[in-house]
Amino acid sequence: MADVLVADSIEKIYGEGDTATRALEAVSFEVAEGEFASIVGQSGSGKSTLLNLLGLLDTPTSGAVTLAGQDTSGLSRRQRARLRSDTIGFVFQFHHLLPEFTVFENMTMPLRISGQKVGDAERKRVSELLELMGIGGLEKKNANQLSGGQKQRVAIGRALMKRPDIVLADEPTGNLDTANTDAVYELFRSINEELGTGFLIVTHDRGVAEMTDRILEVSDGKLVQDVRNDYV
Amino acid sequence: MLALTIAFRFLRSQPGQTALIIAGIGVGIAVQIFVGSLITSLQDDLVDSTVGSSAHITLLPEDDGEQISGDLAEEALRQPEVTTAIPVRRMSGLYVSGDQSTPLSITGGDPEDIDSVYGLSERIVDGEFALEDGQILVGTTFADGAATGIGDELELVLPNGEPASFTVAGIFDLGAAAANERLAFVDAGSVGDALGLGDDEYSAIEIQVADVFTSTEVAQRLESPGVEVVDWQAENQELLSGLAAQSGSSLMIQAFVLVAVALGIASTLAISAVQKTRQIGILKAMGMTDAAAGRIFLLQALILGVTGVAAGIGLGYLLIWGFSFAPVDFDVRPSPALIAISAAIGVAVALASSVIPSRSTSRVDPIEVIQGG
């Protein structure tokens, strides 16, 4: 399978001179299409920094990130925004829905931002995704009328709207109770199996990481472990 | 257009704040329109009462005792700005009653000509506008003082010392006590006979122009040898400098109102930009460009500006309508040009005040927003 995401010796240093802090050091790995992987690490280990670099939200101090076959070093802010919106779906700890808009509008927002028309096909996709996530029929509800679990599901649905190659999820269940956490991971798994979407989930919880097929462990800014879950 | 939709939703999500700022812009624009219209109408009124029913430019013989030709009126009419140019004959007359005497400045001319400058036919308050041989029109103040009425014989002493008798045909009100006391009108022949003038001998040419403020320029073009040109603006310097001062202070008030409106919009939008930092960060994380995010606030400003200006125009008309009930002998007329300018400035000010909030959105870092919750 082709690699959807390649990190090649990426390094991130914050600040300059005496105050410089090395957040990541020579991290290299590849994620193949349709992989279901996790990045695990303690708080402050650099895992979120890594996710930001992989998601083109930030640029590495050195090294390169290749996304969907395209080397991203040297791309302008605009080009990175474009590539990000075409290939990556984001899910965060906080749902980040826009409270001024309905569920349908929130789900189709990434399409509208990239200038795509929202027609019958998109309407159908929204309702299919909502069904898949067990919250069918909520299209017209305002985002702030939903429960925490429902909001996170809408956020996941939004991440899937543009059929991304990979979903980057940063502590996606950090704000949910155990029942909802399990439900969200089952949902990720079924999306991965049914739609073939790759997942890279950042978590501090090893138990959560063990639900994925591959675990990348980050400690003190270095990649210290990269194992298939069968061997863990 | 997505930015417009988002701008609308942002405004709608804070209805109180939105209503307040629209009200603020509305009041500002209403004050602009009202003060501007008030000052313009007031000045038009003042100018009209000063020169509305008199000559704007007068051509006189350079030497006393000389006369000028009626042909000068024909020549003056060739100037495009000139609407009326009439030859008149003037003389003084003295009304003596007991041991009191009242001087009159008598203008003689063709009735139609006189009416075209002084608008007498519409200003007659008693009797009728008629200038047959031997008839005279006098002002209300004079008629009251001399206790004379329609049909009465008026005995005057002319400059040559001869007595003359006229029948009062009408009493006019020119809107100024001095004019109503001193001016009187008779036919051209009566003055010609009294002064012993030939057919083409006149005391003055009285001229009106379409725009009273072009009189100085026209007057310069009418200069010719042996003729003295009198321009109303040169004769009314104090009034004109008063009007200029009034315009200046009115402009200053309007400018400060605009500054207040601009500060109001800018601060509201700046607050809105802070309140919506999270949303802007989310939109950027989903791929929205800095320029598109900045446009949201530009469009918010445009919506606020246009709505506020529309409300302001409505409120301005309401104020002008309300003023019509004030116990003053004066009407405020809304000027479409002034309203158009106020509206354009209002929208432009709104757009200009979105610059800072629009810029601040480009500094919103999506990472901080999405990780900060």
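Since this is a predicted model, take the numbers as computed values, not measurements. Quick note on labels: first sequence line is chain A, next is B, and so on, each numbered from 1.
Around CG of A:D71, the count of heavy atoms belonging to other residues, nucleotides or ligands within 6.0 Å exceeds 12. Counted within 6.0 Å of CD on A:Q42, heavy atoms from surrounding residues, nucleotides or ligands total 12 or fewer; the atom is thus considered open. Other residues, nucleotides and ligands place more than 12 heavy atoms under 6.0 Å from the OH atom of A:Y14.
Taking CZ of A:F90 as the reference point, atom CD1 of B:I282 lies at 13.5 Å (rounded to 0.5 Å). Between atom CD of residue A:E100 and atom NZ of residue B:K276 there is a gap of 3.5 Å, rounded to the nearest 0.5 Å. Expressed to the nearest 0.5 Å, how far NE2 of A:H96 lies from CD of B:Q279 amounts to 11.0 Å. Taken from CG in A:L98 to CD1 in B:I280, the straight-line distance is 9.0 Å, to the nearest 0.5 Å.
Heavy atoms of B:D365 lying under 4.5 Å from chain A are absent altogether. For a residue to count as touching a neighbouring chain, one of its non-hydrogen atoms must lie under 4.5 Å from one of that chain's; by this rule A:L97 touches chain B with the backbone only.
By number of non-hydrogen pairs under 4.5 angstrom with chain B, the leading residue of A:R80, A:R82, A:E171, A:R77 is A:R77.
Among the residues in residues 103-120 of chain A, those with a non-hydrogen atom closer than 4.5 angstrom to a non-hydrogen atom of chain B are A:E105, A:M109, A:P110, A:R112, A:I113. Residues of residues 2-14 of chain B lying within less than 4.5 angstrom of chain A, judged on heavy atoms, are B:L2, B:T5, B:I6, B:R9, B:F10, B:S13 in numerical order.
Considering all non-hydrogen atoms of both residues, A:R84 and B:K284 come closest at NH2-O, 3.2 Å.
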